[in-house]
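Read the structure below first, then the notes.
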Amino acid sequence: MIYARRRRACTIMLGRTNKLEVTAVLGLMQSQGLMISSILTHAARHHASGEVVSRTHENTTHRYTWRDVEARSRRLVRVLQKLGIGSADRVGTLAWNGYRHLEVYYAAPGMEAICHTINPRLHPDDIAYIINHAQDKVLFVDSSFASLITAIAPKIAGSVKTVVMLTDPANMPEVTLAPGMTLVCYDQLMETVDDDYAWPTFDENTASALCYTSGTTGKPKGVLYSHRSTWVHAFATALPDVLDIRASSRVLPVVPMFHVNAWGMPYAAALTGASMVLPGRHLDGASMADLLNKERVTFTAGVPTVWLGLLQHLRSSGQRLETVQRIMTGGSAAPPLLIEAFRDEYGVAVAHGWGMTELSPVGTYNAPKPAQAKLTKDQAAEHMLKQGRILPGIDMKIVDGEGKELPWDGVAFGDLMVRGPWIASAYYGDQPGSAVDKDGWFATGDVATIDPDGFMEITDRSKDVIKSGGEWISSITLENIAVSHPDVAEAAVIAATHPKWDERPLLLVVPRPGHTVDPASVLALYEGKVAKWWLPDEVVVVPELPHTATGKLLKTSLRTRYKDHYLKV
Ligand code: AMP
């Protein structure tokens, strides 16, 4: 007898008249929901001695194990219950990467509530907006954000009832809250409860975490992850051709837990039993080198700015990286210098990845296929500028202005679309499905090429691409060439309005400390590398460039300032 709880009948037409009735049969496998708590219980049971090391605010080192994280997270659920948190309530965090923050990461979704990570680098008005939009009931806050919380307290008093400072009683900071809000100390609260709690199971599609995008225009929008999306993302990112995290790895996410889930590493590390080092707030080159060596880190991940700071420190101090084998860079395009300098001077591979908040966040990773084995050293470094291959489980394509799919020839560039089980279908509060087209594709807002081997390369944000005489020019390509100049620290290429060509590229460069930039020598670098008509019409030397709260170039403000540059000359 065929046993199936649900059957789907369908009719297949055979020729003109014959019909064949087919009944789909469900598999007879157990269907346990993919619970985030089960990632943690796996780590506690099978990797009990895997370490979680945190550099604290007080610059001390806190160490414990995955077994402790699991027990402490259960204890934290008891605290959350005491604070009135229940199913689907939003639990906000304003915190650096540290063990207490990790406990909130697991406790909130584990009890069927939602962990809402908030980016403290945003403007205070945006932070207040996000907290109110999410209706966070409780906020877990690092003591370095005491004055921020004091400043926004009157604006968030309508939703937030309790502020928990992530510290011990001896280090409680001065905080003034609005009437009706209560201030408490994390360690003290944890003392008042036991850890007698059994993780519940529920629908794996239940919301688990919330993170707002920090777009450069408009209000921030919330991306609401589920237990299932988090699990499958963790599975895919841990693969050998992606983060390659194993029980023997020691991983250090520099990328913040307050934005894009630290690229999912708090979950992937527990899933694989890897030890994890959480760096706190000191991310300068010297602090990073010290921590990476002291904690014998093998793999680390973060944005290019952090790696440029680390490189500068290593070069000036003569310090070496003793155990790091691989650095993942993403969040913005990796400058070529970064890849070559770490490889040639320090024997460390830099690998490029791409993603976004809406993708949980990892979408692609640049791991070689057999064809790449034939590349010369220089070709390999150039190939690493590509953002990489799509992770299995999700899909991508590039399309033109009419939505027609473009070829994978590494030349044609168009709007990058993605779809899959860890990609947002709508923003928080919006209609389900409202962020995707009828076939489920999500428009990333990035412009990219895809080569015949499936390696994707971002050429621009769609808002930043330069449209010169109807043809597109990639600002990222031009920026990468500019930063290979020995006197240039940072570069931005923007579209400036042009009387004849509509738009033309304008290059803005920041000199390296103690250097002066000769514009002609920067322009000379482009010779033979790009078509002549791609060349920036002018180079403007500026003392600094504006950045968003997540460290990306704030091109909107540059465009406002320089858009009429060619009209004035
Ligand atoms: P966010 O959601 O804040 O992480 O921002 C996502 C956006 O960052 C993407 O849509 C890209 O525009 C940009 N981005 C992320 N990774 C890369 C990368 N490796 N190279 C270039 N841009 C990137």
Side-chain angles (χ1 to χ4, degrees), residues 117-119 121-122 126 130 209-218 220-225 233 237 242-243 253-265 301-308 327-336 338-339 350-367 383-391 396 398 413 415-418 422-424 427-428 435 442-449 455-465 474-480 483 491-493 547-556:
T117 54
I118 305 159
N119 185 345
R121 293 188 184 130
L122 295 173
D126 277 341
I130 285 171
L210 179 62
C211 179
Y212 281 69
T213 59
S214 42
T216 47
T217 50
K221 290 180 281 189
V223 179
L224 188 63
Y225 310 100
H233 177 262
T237 53
V242 192
L243 306 189
V254 183
V255 49
M257 290 166 69
F258 59 67
H259 182 59
V260 288
N261 309 308
W263 295 350
M265 285 167 73
V303 294
T305 334
V306 172
W307 309 130
L308 289 170
I327 291 175
M328 176 181 177
T329 182
S332 53
L338 192 70
I339 294 161
V350 174
H352 205 175
W354 164 87
M356 55 198 305
T357 310
E358 289 88 339
L359 270 77
S360 298
V362 186
T364 65
Y365 189 85
N366 191 331
H383 187 265
M384 193 44 85
L385 296 179
K386 299 187 184 225
Q387 277 73 7
R389 294 188 275 122
I390 198 86
L391 269 56
M396 67 177 170
I398 43 173
F413 52 100
D415 294 314
L416 178 66
M417 316 280 287
V418 288
W422 60 86
I423 296 169
Y427 291 101
Y428 184 55
F442 173 82
T444 62
D446 285 328
V447 175
T449 62
F455 286 84
M456 182 275 285
E457 181 165 12
I458 302 273
T459 57
D460 257 306
R461 283 297 287 166
S462 53
K463 299 188 293 289
D464 298 336
V465 74
S474 154
S475 67
I476 294 181
T477 307
L478 298 182
E479 285 158 9
N480 279 345
V483 291
V493 174
H547 293 93
T548 67
T550 52
K552 299 183 211 304
L553 277 171
L554 189 55
K555 290 199 178 168
T556 42

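Counting starts at 1 for both ligands and their atoms, following the listed order. Counting begins at 1 with the first residue of the sequence.
Here's the thing with Glu358: none of its N/O atoms is less than 3.5 angstrom from an N/O atom of ligand 1. Between Gly331 and ligand 1, an N or O atom pair is found at a separation short of 3.5 Å. For a threshold of 3.5 Å applied to N or O pairs, the pair formed by Gly353 and ligand 1 contains at least one separation below that value. In terms of polar-atom proximity, defined here as any N/O pair under 3.5 Å, Thr444 makes no such contact with ligand 1.
No heavy atom of Pro361 sits closer than 4.0 Å to any atom of ligand 1. For the ligand labelled ligand 1, residue Ala334 lies outside the 4.0 Å heavy-atom shell. Taking 4.0 Å as the cut-off, Gly445 does not count as a neighbour of ligand 1 on heavy-atom distance. Heavy atoms of Thr213 come nearer than 4.0 angstrom to ligand 1 in no pair at all.
Side-chain N or O atoms of Glu358 include none that pairs as donor or acceptor with a backbone N or O of Ala424 at under 3.5 Å. Judged by distance alone, the side chain of Thr444 and the main-chain N or O of Leu416 form a donor-acceptor pair under 3.5 Å.
Geometrically, Lys386 does not engage Phe455 in a cation-pi contact defined by less than 6.0 Å to the ring centre and at most 45° from the axis.
Residue nearest to atom 22 (N) of ligand 1, selected from Ser332, Ala448, Pro304: Ser332 (by heavy-atom distance).
Applying the side chain to side chain donor-acceptor pair (under 3.5 Å) test between Ser475 and each of Asp460, Asp464, Asn480 identifies Asp460 as the sole match.
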